[in-house]
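Treat the numbers as computed from the prediction; the structure is a model and nothing was measured. Computation of the quantities below employed the complete heavy-atom set of this structure, encompassing side-chain atoms and omitting hydrogens, waters and symmetry-equivalent molecules. Letters go in sequence order (proteins before strands), and every chain restarts at 1.
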There are 2 protein chains.
Amino acid sequence: MISQKAKYALKAVMALARSDAGQLAISQIAEDENIPKKFLEQILLDLKYHGIVASRRGKAGGYALCKSPEEITFGEILRIVDGPVAPLACLSRIAYRRCADCTDEADCEVRRVFASVAEATRAILDGTSISASLRPREKKIGSLLAG
Amino acid sequence: MISQKAKYALKAVMALARSDAGQLAISQIAEDENIPKKFLEQILLDLKYHGIVASRRGKAGGYALCKSPEEITFGEILRIVDGPVAPLACLSRIAYRRCADCTDEADCEVRRVFASVAEATRAILDGTSISASLRPREKKIGSLLAG
DNA sequence: TTAATCTCTATCGAACCGGTAGAGTATGCC
DNA sequence: GGCATACTCTACCGGTTCGATAGAGATTAA
C-alpha cells in the first residue's frame, strides 16, 4: 500500500505537468485535486528539497516542475515521499538493512521470492514517467477542440 | 514493505512444510527461525483460523499444515496477515475502497500505473507456492548425504 | 501598504507495529 | 491423580507512523 501522501505527491506533480502556464499555486492544486491544502504544502516543500519542483513566493507565486515530466518517474517521487520501493528492508537499495532473524540471507526463501516482486515493481515504477502516464483531462480536451 | 509478522508467518509455514514429521511445536519453530515465541503463537493461531494450519494440544502437541505446500501460496498467507495485496485501496479485490479525492476513478492516472504494479505483484505472489520456493537446508542436506 | 503566496515548526489523535504477560485449557504419561 | 508440556485466549504496552491541522513568519507584486 502506498501512502495517501505519496498519492497526493504524484497527483500534484501531474497537475503541474498538465498545467498550461507550467506553474500553479498550492491552493489551486489543492482545490483541483482534492488535497488538504496544509498537507500539500508540506509535500511540495519536500519535493522542492529533492529538486523535483521549484517555488516562487509572493503574490504571483506558485510551484513549477524543475525538470521535464519525461524525466520524472513514479519511482523517484515514491522514494522521496514513502521511502524505499522494496517489499523487504533487506532488498532495499537505498536503505538496506539486514534482517535480525535471518542467519543466511542468501538462503532465505522469502527474500528470493520478494526479490522478483521488487524487480517487477521497480521495472514499472522507474520505467514510467509522469508524462507517460499523463492524459488530457476533459476540460483540456474541450479547449483543444475549441482552439 | 511487508510486515515482520507476514515474514514470520511465511517462515513458519515453510518450516512446517520442510519438517520430516509434518508437525512442529511453536517453541521449535520459534527457535529454528528466530521468531519471538509469544508473537509466533498469535500468528499461528491466526493462520489456524484461516485454515492454513491445524493444531494439537498437550504433551505431543504442535502445528501442522492443513493442505499440501503446493496448495499454499505466498499471496494467501500475505492476505491473511497483512491484508490486501494491493498498492492502493481502490485496487484491492478483497477490500476495495473508493478514494475520497478521486472524482473519476477511470480517469485516475495514478491508479492506472499502480494497476499494472498490482497485476505483476499478484502474478508472482499468487503463482508461487510454499513448496515451489522451498529448498533443503544445510542440516537436511547433511542428513540426506548420511542416510 | 496590502493581499497573496510560500516557509517553517509544532502539535495532535488515531491507528498500527512488534511484541510481552499471564491465566486458562487440553493432552500424554507415570 | 498429578505433573509436565503443549496450545488458547485476552489484555496490554511503548513506540512509530499516518494524515492531517495550526499558526506565526517571510517574501513578493501591484
- Task: Output, in order, the C-alpha distance, side-chain angles, deciding distance and verdict of side-chain hydrogen bond (donor to acceptor under 3.5 Å, both in side chains) for B:Lys37 and B:Ser27.
- Result: CA-CA 6 Å; B:Lys37 188 188 159 191; B:Ser27 30; 4.8 Å; no

- Task: Walk me through it: do A:Asp46 and A:Gln42 pass the test side-chain hydrogen bond (donor to acceptor under 3.5 Å, both in side chains)?
- Result: CA-CA 6 Å; A:Asp46 203 8; A:Gln42 291 177 48; over 6 Å; no

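Protein chain A touches strand DNA chain C; the 5'-most and 3'-most nucleotides with an atom under 4.0 angstrom of its non-hydrogen atoms are C:dA4 to C:dA10.
Following rounding to the nearest Å, B:Gln23 (CD) and D:dT5 (P) show an atom-to-atom distance of 17 Å. Rounded to an integer number of Å, the gap from NZ of A:Lys37 to P of D:dG23 is 14 Å. Atoms NZ (A:Lys5) and C1' (D:dT16) sit 14 Å apart, rounded to a whole Å. As a whole-Å value, the separation of A:Lys7 NZ from D:dA20 C1' is 15 Å. Rounded to whole Å, atom C1' of D:dT5 lies 15 Å from atom OH of B:Tyr63.
No more than 12 heavy atoms of other residues, nucleotides or ligands sit less than 6.0 Å from atom CD of B:Glu31. Other residues, nucleotides and ligands contribute at most 12 non-hydrogen atoms within 6.0 Å of the CD atom of A:Glu119.
At a threshold of 4.0 Å, the pair A:Asp32-A:Arg18 does not count as salt-bridged, since none of the basic side-chain nitrogens sits closer than that to a carboxylate oxygen. With respect to the salt-bridge test (charged N to carboxylate O, under 4.0 angstrom), the residues A:Glu33 and A:Lys7 do not qualify. In this structure, A:Asp101 pairs ionically with B:Lys11, as a charged nitrogen and a carboxylate oxygen lie closer than 4.0 Å.
The main-chain N or O of B:Leu16 is found under 3.5 Å from a side-chain atom of B:Ser19 such that the two form a donor-acceptor pair.
If you find the closest nucleotide of DNA chain D to A:Ser3 and to A:Lys59, the one lying nearer the 5' end belongs to A:Ser3. Mapping B:Ala6 and A:Gly61 onto DNA chain C by nearest heavy atom places A:Gly61 closer to the 5' end of the strand.
Residues from residues 40-57 of chain A lying near DNA chain C, meaning a heavy-atom separation below 4.0 Å, are A:Glu41, A:Gln42, A:Leu45, A:Lys48, A:Tyr49, A:Ser55, A:Arg56, A:Arg57 in numerical order.
Among D:dA6, D:dA29, D:dC9, the nucleotide with an atom closest to any side-chain atom of B:Lys38 is D:dC9.
Applying the side chain to side chain donor-acceptor pair (under 3.5 Å) rule to pairs touching residues 83-98 of chain A yields A:Tyr96-A:Glu105, sequence neighbours excluded.
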